[in-house]
Structure formats: C-alpha cells, structure tokens
Amino acid sequence: MARPSKQPPKYRLKLNHGYELACVTLHDAATRRRRDVYLGRYGTPESRQAYHRTVAEWEARGRRLDPGRASQNRIDERLTVTELCAAFLRWFQGEGYSASHVAVARSAIRALRTLYGATAAEEFGPRALAAVRQQMLAGDARLRLKQKQPSVAQRMARLIVRIFRWGAGMELVAAATADALDKLPPLRLAGLKRSRVKPVPEAYVEATKPYAAPQVRAMIELQALTGMRPGEVVLMRSADVDTRGKVWIYRPQHHKTAHLDLTREICLGPRAQDVLRPWLRPNIQEYLFRPHEVVDRLRRERAAQRSTPAGRGNERGNERGAAPRRQPGERYTASSYRKAVQSACDAADRQARGNLGQFACPRCAETFMRHASWRRHCREQHEMLDLPRVEAAERIIHRWHPNQLRHNWGTAVRARFGAEGAQVALGHESIDTTLIYAERDLEFAQRIALQMG
C-alpha cells in the first residue's frame with residue numbers, strides 16, 4: 001500500500017459536461033476513501049479561495065472527509081467576510097488604536113480573508129474559525145501565513161470573534177452568527193512554553209550601535225534612556241516635545257493606551273536631551289528620524305567610493321528609474337526600525353567573528369574572503385580545489401529587538417526606585433503589567449541571601 005503523501009492536494013482543472021471546473025480530490029486518512037470537491041469556475045479568485053478553505057478544513061479535521069455535504073464555495077449577494085473585515089478595520093482605525101493594535105488586526109484579517117474572504121459572513125461558523133486558527137498555528141507559505149505561537153493564534157481567533165460581534169452590533173450579520181463563534185473551545189495553553197521578552201545584554205547594544213545609521217543609533221540611545229516604546233520613538237516630532245524646564249516632556253501623537261483615554265508623557269532628562277537636541281527641526285511638524293535621509297547618505301558615500309570615472313557608466317540615481325516601486329518613507333515604522341537594528345546586529349556579528357566564514361585552502365593554510373580571490377590563488381598555485389568554508393559554531397552578537405530596551409529600562413528603574421517608580425516611569429496603569437517588564441534584580445537578591453541566608 002502506498003504511503004500517504006504529506007503534500008496538500010492540488011488545485012486542478014476538471015471538465016464536466018463541457019464546463020471548465022476547479023476541483024480538489026480529498027482522501028480520508030483512516031478509510032482511504034476519496035472525494036472530488038468542485039470549487040466553481042476554474043481560474044477564478046473565488047475558486048482559489050474555496051480551494052484554500054476546503055484544504056484548511058480538511059487539515060483541521062485530521063485529514064478526514066466531511067461526513068456532511070462537501071465544502072463548496074457559494075457566493076451570493078449577502079455581505080461577505082471581506083466586506084465585513086473592511087468595515088471593521090475602518091472603524092477600528094478611527095477609534096484611535098495604536099499602530100501595534102492595527103497591525104495585529106490586519107494580521108488576523110489577512111488569515112481570515114485568505115481562507116474565507118468570498119464566503120457570506122452569516123455562513124462563517126465555529127468549524128471555519130477552527131480551520132483559520134489551525135492555519136495560523138501551522139503557517140503556510142502558499143497562503144503567506146506565518147507560523148504563530150498558540151497564545152498568539154488564540155488572541156487572533158478572539159479578535160476574529162470580536163469582528164463578528166461588532167458586525168452584529170452594527171446589524172451587518174445576525175447575532176446568532178457571533179454567538180456561535182463563542183462556542184468554539186479555546187486552545188489548551190497549559191504546559192506550553194511561552195517566550196517572555198527579556199532585557200538585552202548591554203554588551204550587545206554597545207556592539208551594535210557603531211554599525212547602525214545615525215538615526216537608528218539615536219533612537220536606540222533614546223529608548224535606553226527613557227524606556228519609551230519603539231512605536232513612540234519613531235513618531236517623534238519637534239511639535240510633540242515640550243522643551244521648557246529642566247526636564248523635557250514628550251507627548252506622542254499616538255500611543256498604545258490612547259483608546260483608553262489615557263495620556264502618555266515621557267520625561268527626557270539631561271542625557272536624553274543631549275541625544276535629541278541635534279535632531280530637532282525648524283519645521284516642527286517633520287518627523288525627527290527619517291529613512292530617506294539614511295538612504296541619501298548611503299548613496300552619497302557609495303558614489304564617493306566608486307572607481308569608475310565621472311561621466312562613464314551609470315550616474316547616481318538613474319539606474320533606479322523614474323518611478324521606483326518602493327521609496328523610503330517619511331518616518332520609520334516599528335517594523336522597519338526593528339529590521340534596521342537587526343541588520344546592525346548582523347554586521348556587528350560578522351565583524352566579531354573576523355576571519356570565520358572565509359574560504360580556507362588546505363594546501364597552503366591561507367584564507368580568502370572573496371570567491372574570485374581564492375579561485376585565482378588556486379589557479380596560480382595548484383589545480384582547482386573544492387575549498388571548504390570555515391563557519392562559526394554560533395553567533396557572537398545575537399539579534400535583539402528594540403522592545404527589549406524597554407525591559408532594560410524597567411529593570412533598572414525597579415532596582416533603584418522600586419516597583420512603583422517603575423510603574424510611573426513605564427506609564428503603566430497596573431502594577432502587574434510593570435512586573436512583566438521589570439525583571440527582578442539578581443544582585444539585590446544575592447545581597448539579601450548574603451545577609452539573611
């Protein structure tokens with residue numbers, strides 16, 4: 001008997017009475033029975049969505065056939081899931097939620113629309129929600145879905161339920177549809193390992209800063225001195241900074257708790273002021289840290305280092321075309337800021353490893369960094385060799401992300417001023433939230449052990 005394939009069944013064409021229909025063949029993992037499920041007209045976006053939905057439901061059932069009727073895509077004039085999500089997202093953004101909240105909502109909506117975008121909203125039930133949640137856990141490159149931790153998948157599933165509750169409140173879908181989604185049992189999170197965000201070692205931060213752009217380096221230093229969130233430091237403008245008094249006050253235009261009608265005031269001390277002062281702009285509405293300035297500086301440096309004489313070859317900027325598809329933004333986002341920091345971590349790690357990662361010649365015990373260099377050397381010295389690459393066993397400078405700097409700040413403030421001081425400095429409404437960010441000081445515990453243990 002043939003071994004069952006781990007690959008998902010294919011989306012294929014099947015002729016039925018002269019009509020070109022999309023079809024997928026499902027096999028029962030237990031009985032090995034097969035069933036052809038018709039998905040609609042071949043090649044249409046609706047049939048593609050029906051294919052992804054049918055396979056996801058089949059995977060969620062443990063690769064068992066549906067004992068009821070086969071899943072089939074049915075489009076009618078009622079409100080679709082895509083239209084409901086679009087209406088919810090417009091309302092959600094208008095309520096003043098932070099960029100991080102909106103990003104989570106977009107991620108959940110992307111997974112929902114990929115599988116059930118063309119389905120009528122009233123036909124979306126608990127089994128469909130279970131299929132979406134399962135795809136979040138597993139991830140699927142074909143659907144552009146990233147694998148998520150169980151706690152994150154559970155949170156996004158609750159957000160999908162919230163979308164349908166909002167739709168019921170707006171009389172867009174029946175209340176029974178939203179109530180049915182609440183009947184889906186939650187994921188069992190007990191016993192699963194949860195990755196907590198830890199403070200980043202100071203040595204990693206100091207090793208990374210020389211390889212970051214000046215704008216990114218200034219944001220790193222500001223976070224380390226104030227404990228602000230990444231989404232707050234990228235939004236800094238001169239208009240939002242009150243420079244009166246010995247301590248400057250920064251009030252972000254958007255922040256994480258704005259939808260709760262809470263104010264966010266970040267105090268900037270003397271050292272933070274010294275970092276920020278060179279970046280203040282005459283136009284108070286401009287963002288302080290702008291990515292296009294980083295790109296312009298990089299292009300000028302590359303143009304100054306080019307060996308081709310002026311007037312020959314490509315001139316600066318003309319190789320990108322008149323209208324490039326992607327242009328640097330007016331400000332960093334939390335995501336682009338994180339990627340810039342991690343790129344600097346990679347550069348610092350490559351420098352720390354030195355000659356590791358070069359090509360090694362076993363006959364003369366020499367190493368060469370460039371591919372063409374060792375090929376030319378071996379051609380001159382002896383016959384061509386398949387030279388091995390010398391790799392490092394592990395990274396020396398590990399990647400870290402900007403949000404860890406907030407945990408560093410919370411830990412340092414708690415060690416010096418207690419949990420209440422950390423709560424005020426971090427801007428938390430609850431002390432329980434502060435205890436997540438502020439790690440217990442190991443040195444303080446050791447002093448207690450020496451005196452009392």
Side-chain angles (χ1 to χ4, degrees), residues 2 4-87 107-147 153 156-157 160 163-164 167 172-174 177 180-181 184:
S5 175
K6 296 182 180 180
Q7 298 296 327
K10 294 183 179 180
Y11 172 92
R12 60 188 180 87
L13 170 67
K14 188 169 185 179
L15 296 177
N16 190 352
H17 299 287
Y19 291 97
E20 295 183 348
L21 300 179
C23 178
V24 60
T25 302
L26 303 180
H27 292 79
D28 194 295
T31 64
R32 303 306 301 160
R33 296 181 59 184
R34 54 179 288 173
R35 176 186 296 168
D36 288 340
V37 180
Y38 291 97
L39 310 169
R41 193 175 185 86
Y42 181 78
T44 60
E46 292 81 5
S47 66
R48 293 282 184 182
Q49 288 186 355
Y51 162 73
H52 294 312
R53 181 175 67 248
T54 302
V55 174
E57 292 175 348
W58 175 66
E59 294 278 4
R61 292 192 300 268
R63 296 200 167 194
R64 298 297 304 273
L65 294 178
D66 189 355
R69 64 182 181 86
S71 301
Q72 193 172 8
N73 187 38
R74 184 169 69 85
I75 307 299
D76 51 25
E77 296 181 356
R78 289 178 292 175
L79 185 75
T80 64
V81 171
T82 296
E83 294 169 342
L84 176 63
C85 292
S107 182
I109 289 173
R110 187 181 304 112
L112 177 61
R113 289 182 57 189
T114 302
L115 298 178
Y116 292 93
T119 304
E122 293 186 357
E123 294 183 356
F124 187 83
R127 292 172 62 182
L129 180 59
V132 175
R133 189 176 64 184
Q134 183 63 32
Q135 287 300 114
M136 290 180 183
L137 288 172
D140 194 331
R142 296 176 296 109
L143 305 183
R144 297 183 180 179
L145 298 179
K146 296 182 179 180
Q147 185 176 1
M156 290 189 172
I160 293 175
I163 293 174
F164 281 83
L172 298 177
V173 296
T177 303
L181 296 179
L184 179 67

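In what follows, residues are counted from 1 in the order of the sequence shown. As the structure is a prediction and not an experimental result, all values here were calculated from the model.
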Inset, instruction - For the residue pair Trp58 and Val24, establish whether any side-chain heavy-atom pair is separated by less than 4.5 Å. - result: no
Inset, instruction - Return the minimal non-hydrogen interatomic distance between Ala60 and Ala131, and the atom names on each side. - result: CB-CA, 4.1 Å
Inset, instruction - Using the test side-chain hydrogen bond (donor to acceptor under 3.5 Å, both in side chains), find all partners of Arg12 that sit at least two apart in sequence or belong to another chain. - result: Thr25, Asp36
Legend entry - Donor-acceptor pair, side chain of Tyr51 and main chain of Ala22, under 3.5 angstrom: no
Inset, instruction - Using a strict 4.0 Å threshold on nitrogen-to-oxygen distance, state whether Arg33 and Asp28 make a salt bridge. - result: no
Legend entry - Interatomic spacing from CG in Leu172 to CD1 in Ile163 - rounded to 0.5 Å: 12.5 Å
Legend entry - Minimum heavy-atom distance Leu112-Cys85, with the two atoms named: CD2-SG, 3.6 Å
Legend entry - Sidechain-backbone polar pair: Thr177 side chain, Val173 backbone, donor-acceptor under 3.5 Å: no
Legend entry - For Phe124, ring-ring contact (aromatic ring centres under 6.0 Å, His included) partners two or more places apart: Tyr116, Phe164
Inset, instruction - Please report the shortest heavy-atom distance between Pro126 and Ala180, naming the atom on each side. - result: CG-O, 3.1 Å
Inset, instruction - Give the intermediate values and the outcome of side chain to side chain contact (heavy atoms under 4.5 Å, CB included) for residues Ile160 and Met136. - result: CA-CA 12 Å; Ile160 293 175; Met136 290 180 183; 4.0 Å; yes
Legend entry - Closest contact, heavy atoms only, Arg61 versus Arg64: NE-O, 2.9 Å
Inset, instruction - Verify side chain to side chain contact (heavy atoms under 4.5 Å, CB included) between Cys23 and Val37, making sure each step is shown before the conclusion. - result: CA-CA 6 Å; Cys23 178; Val37 180; over 6 Å; no
Legend entry - Min side-chain heavy-atom separation Arg63-His27 under 4.5 Å: no
Inset, instruction - Check step by step if side chain to side chain contact (heavy atoms under 4.5 Å, CB included) holds for Gln49 and Leu115. - result: CA-CA 6 Å; Gln49 288 186 355; Leu115 298 178; over 6 Å; no
Legend entry - Residue pair Thr80, Thr119: steps toward the side chain to side chain contact (heavy atoms under 4.5 Å, CB included) verdict: CA-CA 5 Å; Thr80 64; Thr119 304; over 6 Å; no
Inset, instruction - Please list, chain by chain and in numerical order, all residues satisfying side-chain contact (heavy atoms from CB on, under 4.5 Å) with Ala157, sequence neighbours excluded. - result: Leu129, Arg133
Inset, instruction - Please identify each residue that fulfils side-chain hydrogen bond (donor to acceptor under 3.5 Å, both in side chains) with Tyr42, with sequence neighbours left out. - result: none
Legend entry - Heavy-atom pair with the smallest gap, counting every atom of Met156 and Ser107: CE-OG, 3.3 Å
Inset, instruction - Give every residue pair that meets the salt bridge (Lys or Arg N to Asp or Glu O under 4.0 Å) criterion with at least one member in residues 111-121, sequence neighbours excluded. - result: none
Legend entry - With sequence neighbours excluded, residues passing side-chain hydrogen bond (donor to acceptor under 3.5 Å, both in side chains) with Thr44: Ser47
Inset, instruction - Search all heavy atoms of Leu84 against all heavy atoms of Ala121 and return the closest pair with its distance. - result: CD2-CB, 4.2 Å
